[in-house]
Protein chains: 2
Amino acid sequence: MGDQTGSTSATGPEERHRVGLKDVARLAGVSVKTVSNVVNGYVHVTPRTRARVEQAIKELNYRPNLSARNLRRGRSGIIALAVPELDIPYFAELARLVVDAAEKHGLTVLIDQTGGTREREQQVAEGIRDHMIDGLIFSPLALTADDLSARTDDTPMVLLGERIHHGPADHVVVHNVAAAREATLHLIGLGRRRIAAIGAQDSPAAETARLRLTGYHQALAQAGLPADERLIASVEAYHRADGARAMARLLDASDAGDPPDAVFCFNDLLALGALRTLLERGYAVPEEVALAGFDDIEDGRYGTPTLTTISPDKQQLSIQAVDLLVERMSGATLGATQEIFVDHRLVIRESTAGRTVPLRHR
Amino acid sequence: MGDQTGSTSATGPEERHRVGLKDVARLAGVSVKTVSNVVNGYVHVTPRTRARVEQAIKELNYRPNLSARNLRRGRSGIIALAVPELDIPYFAELARLVVDAAEKHGLTVLIDQTGGTREREQQVAEGIRDHMIDGLIFSPLALTADDLSARTDDTPMVLLGERIHHGPADHVVVHNVAAAREATLHLIGLGRRRIAAIGAQDSPAAETARLRLTGYHQALAQAGLPADERLIASVEAYHRADGARAMARLLDASDAGDPPDAVFCFNDLLALGALRTLLERGYAVPEEVALAGFDDIEDGRYGTPTLTTISPDKQQLSIQAVDLLVERMSGATLGATQEIFVDHRLVIRESTAGRTVPLRHR
DNA sequence: CGACCCATTTACAACGTTATATACAACGAT
DNA sequence: ATCGTTGTATATAACGTTGTAAATGGGTCG
C-alpha cells in the first residue's frame with residue numbers, strides 16, 4: 001500500500017503523524033538533543049535557545065513519548081499498588097492516598113487486585129505479569145513471610161498494612177498492639193466488663209489478627225479482667241458478613257444469661273456487620289452493647305449509630321510507603337530493611353459514647 | 001537453587017543484566033526475530049524450534065520489555081479509567097470490574113482520580129499529563145457535552161455512567177428514566193402517597209439528576225399522584241452527608257403535619273445519609289418512611305435496615321465500556337458514536353418491604 | 001598571542017522490540 | 001529438470017528517546 005509519507009499534500013501532510021523531538025528540532029532549528037535538554041530542564045541552555053524550543057514545542061503540541069523515554073532510561077515511572085480488593089473501603093481510601101502521594105514524585109500508580117488469594121499474590125510478588133514496574137507497594141493477605149523471602153524478582157517492594165514483621169522487605173505499619181489495647185481500654189473505661197473480640201484468625205498468615213488480639217489481651221490484663229475464651233470470635237475474612245455471623249455466634253453462645261456488654265472488632269467492616277446483628281436482635285447500641293472498630297472508614301461515620309474506631313493515619317501511611325519505595329528505587333539504603341510506624345488515634349463516636357438514639361419520635 | 005546457567009562462576013555473569021530477546025536467541029541458537037515470533041505466537045514456527053526457544057525462555061526467565069514493545073508497536077497496552085473518587089463505593093466497585101474486563105483484552109488499567117473538579121477533568125480529557133495511554137474510560141462529573149466536544153486530544157474515549165447523551169463520544173449508560181420510574185412506582189405500589197425525592201441538582205452538568213427526576217415525575221403522573229415541589233430536595237454532591245442534610249430539610253419543612261411516607265434517593269449514598277437522619281429522629285423505616293436508593297453498593301446490603309435500590313448491571317457496564325473502547329482503539333467504527341444501555345433491576349430489601357425490625361429484644 | 005577553560009551545542013550510538021524484505025529449503029506441478 | 005509455491009528462518013532497519021564524547025566558540029590567563 002502506498003504510504004507516501006514524503007511530502008504530497010493530499011489529505012494533509014501530518015495527518016496521522018505523532019510529533020517527536022525530531023519535528024520540534026526541525027522547527028526550532030536546533031538539534032534533537034537540545035530539544036531533549038530543554039524538555040528535561042538541563043541547565044546549560046541559552047535562554048534564547050530555550051525560548052525558541054519552547055515556542056516550537058507549544059506550536060506542535062509536543063508530548064514526550066513515554067515508551068521511548070522509559071526504554072532509554074530503563075525505568076517506567078510506574079509503580080504498582082497491590083491490594084486484596086478495591087471495593088473494600090479501607091483499600092479504596094488507601095489507594096486514593098497512595099495515588100496522590102506517588103503523583104508528587106512524578107510516579108503513576110497501577111492498581112492490582114489480588115482478591116487476597118495466595119496464587120494471585122504470589123504472581124504479584126514475582127513481577128506482575130510481564131509488566132515493567134519500577135516498584136511495588138504490596139498489601140498481602142495470604143502470603144507468609146517465607147513466601148515473600150522466596151521471591152526471585154528484584155523489583156523494590158514496600159509492604160503495607162500491618163503484617164510480616166522483620167520480613168524480607170521494608171514495611172509501613174500501624175502499631176497494632178498498642179492501638180488494640182487503647183480501643184479495649186476505652187471500652188473498659190466505660191465500665192464494661194464482658195468485652196468480646198471479633199476478628200481472630202487461625203491462618204498462619206494472619207499476623208494482623210494476632211497482634212490485635214494481643215493488644216486486646218493486654219488491656220484486659222492491665223485492668224485485671226479475666227480473659228474469657230468464649231468471648232473471642234474467629235472469622236474467615238474481614239467483611240461485613242463475617243462480622244454479622246460472628247456476632248450472632250457470640251450472642252447465641254451466651255445463652256440468655258450474660259451477653260457481652262462490649263465488642264471490639266478488628267476492623268470496621270466486621271463492626272458494621274456486628275452492628276447489624278445487634279440491631280436486628282434488638283440490642284441497644286451503645287446502651288446494652290458498646291462497639292468499637294478499627295480503620296476509620298467512611299461508612300463508619302454515617303451508620304446509626306456512628307462507629308467508634310481506631311483511626312490510623314492513612315495519609316502518613318501512604319506517604320511513608322511511597323517515600324520508602326522511592327528511596328529503594330533510587331538504589332540507596334541497600335542494606336537493612338526498615339520498619340516504619342505511623343500514628344493512630346482513638347476516635348470516639350456514638351457506638352460507645354453517643355447520646356442515646358430515641359426509639360420513637362413522639 | 002544455584003542458577004549457574006551461564007558458565008563463569010564468580011558473582012554471576014548476568015549480575016545486573018536484564019535478559020532480552022538477544023540472550024534467549026543466543027541460548028536457543030536462533031535469530032532474535034524467531035524468538036520474538038515464538039513469544040508472539042506466530043504460526044510458522046517448527047514445533048522443534050518453538051520448543052527449543054521456550055526452553056531457553058524458561059531457563060533465562062525472560063520477560064518482554066514492555067517499553068520497547070510499546071515503542072515499536074506504537075501502543076502502550078494501557079488504558080486509563082478516570083473517576084471522581086475511588087473511595088466512593090460505586091466507583092470502587094466499577095473500577096474493580098473495569099480492571100477485570102480490561103485484563104481479558106490484555107490491557108492494563110491506570111486509574112485516575114479527578115475529584116470531580118472541572119479543572120482536573122479537563123486535564124484528563126486532554127490526554128492525561130503526558131502519558132501514553134491507548135484509550136480512556138471516563139466518568140466525568142463537572143464537564144458538559146460542550147467541554148468534551150472541545151477536546152483536541154484524539155485518544156479514543158468511552159464515557160461511563162449516565163451522562164452526556166448524544167455527545168461527542170461513545171458511552172455506556174443505564175436507562176435512568178426507566179429505572180427511576182420503576183423505583184418510584186415500587187414505592188407507590190406500597191401504598192405510599194407522599195413520596196419525596198432527594199438528589200436533584202441545579203448544575204448544567206447534572207444530566208443524571210435530571211433524568212432520574214424525570215423518571216420520578218413520570219411515575220407520579222402515571223399513578224395520578226400530584227407532584228409536590230416541596231418534596232424534592234436538591235443536593236450539592238451525592239455523598240452521605242448531602243443525603244443526611246437533605247432529609248433533615250425535608251422533615252423540617254413538612255412541619256409536623258405530614259412528613260413524606262417514602263423517599264426515593266438518586267443514589268445509595270444519599271439514601272444512607274437520609275436513613276441516618278430518619279433513624280436519628282426516630283422514624284421507623286420502612287413502617288413510617290420507606291426508602292429506596294440507586295446503585296446497589298455493598299454498604300446498602302448491610303445497613304439496618306438493608307436498602308432497596310436500583311441495581312445497574314455494573315459488570316455488563318464495565319464489559320461493554322471496555323469492549324467499545326477496544327473497538328475504537330482498533331480503528332474500526334470510525335463514524336457514528338454509539339450509546340449502549342445496560343440492564344438494571346429493582347432489588348427490594350428491608351427499607352421498603354422488610355420485616356419490622358424489633359425495637360427491643362425482650 | 002597561544003594555551004587553556006568553560007558554556008553551549010551537536011552527532012552518534014544505544015535501549016529491546018517488531019515489520020519488512022528477503023534467503024533458503026522442500027515440495028508439487030508443469 | 002525447471003519453475004513456482006509454500007513454509008521457515010534471518011538480517012536489517014526502524015520506533016523516539018537520552019547518555020557519551022566530541023565539536024564549536026568565546027572568553028581569560030599566563
Side-chain angles (χ1 to χ4, degrees), chain A residues 1-3 5-6 14 16-54 56-57 60-78 106 127 130-134, chain B residues 14 16-54 56-57 60-78 106 130-134:
Chain A
M1 149 199 335
D3 98 319
T5 36
E14 55 209 353
R16 214 73 189 83
H17 172 63
R18 267 194 74 88
V19 319
L21 287 179
K22 211 179 329 184
D23 308 279
V24 180
R26 195 175 325 125
L27 180 59
V30 296
S31 80
V32 180
K33 187 66 216 283
T34 298
V35 181
S36 168
N37 285 338
V38 170
V39 171
N40 293 303
Y42 182 64
V43 254
H44 296 303
V45 181
T46 313
R48 223 182 101 78
T49 336
R50 164 164 284 124
R52 206 139 35 101
V53 170
E54 274 166 352
I57 287 181
L60 296 177
N61 190 28
Y62 164 78
R63 312 279 187 84
N65 178 321
L66 290 208
S67 290
R69 172 178 289 176
N70 295 335
L71 169 59
R72 184 59 242 237
R73 289 193 178 157
R75 313 181 295 100
S76 69
I78 295 181
D130 41 17
H131 268 293
M132 203 200 196
I133 58 167
D134 295 342
Chain B
E14 54 215 349
R16 213 72 189 86
H17 170 64
R18 266 195 74 89
V19 320
L21 287 180
K22 213 181 328 188
D23 309 277
V24 179
R26 197 176 321 125
L27 180 59
V30 297
S31 82
V32 181
K33 185 64 216 286
T34 298
V35 180
S36 169
N37 285 338
V38 169
V39 171
N40 293 301
Y42 183 63
V43 253
H44 295 303
V45 181
T46 314
R48 222 181 103 79
T49 331
R50 165 164 284 125
R52 207 141 32 106
V53 171
E54 274 166 352
I57 287 180
L60 296 176
N61 189 28
Y62 163 80
R63 312 279 187 85
N65 177 321
L66 289 207
S67 291
R69 170 179 291 177
N70 296 335
L71 169 60
R72 185 55 240 233
R73 288 195 179 155
R75 314 180 296 102
S76 69
I78 295 181
D130 42 16
H131 268 293
M132 204 202 193
I133 58 166
D134 295 342

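Residue numbers begin at 1 in each chain, while the letters A, B, ... track the order of the sequences.
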Test item: A:Val39 and A:Glu54 side chains (from C-beta on) under 4.5 Å apart, heavy atoms: no

From CG (B:Asp134) to CZ (B:Arg73), nearest 0.5 Å: 11.0 Å

Residue pair A:Tyr62 / A:Val35, side-chain heavy-atom distance below 4.5 Å: no

Sugar-phosphate only, base, or nothing, as touched by B:Asn40 at under 4.0 Å among non-hydrogen atoms: sugar-phosphate

Contact state string [nucleotides 6-16 of chain C, B base, S sugar-phosphate only, - no protein heavy atom under 4.0 Å]: -SSBBB-BBBB

Validation row: B:Arg75, B:Asn70 side chains within 4.5 angstrom (heavy atoms): no

Between C1' of C:dA19 and CZ of B:Arg75, the distance in whole Å: 14 Å

Pairing residues for B:Arg26 by the salt bridge (charged side-chain N to carboxylate O under 4.0 Å, His left out) criterion, not counting sequence neighbours: B:Asp23

B:Asn70 CG to C:dA19 P, straight-line distance once rounded to whole Å: 12 Å

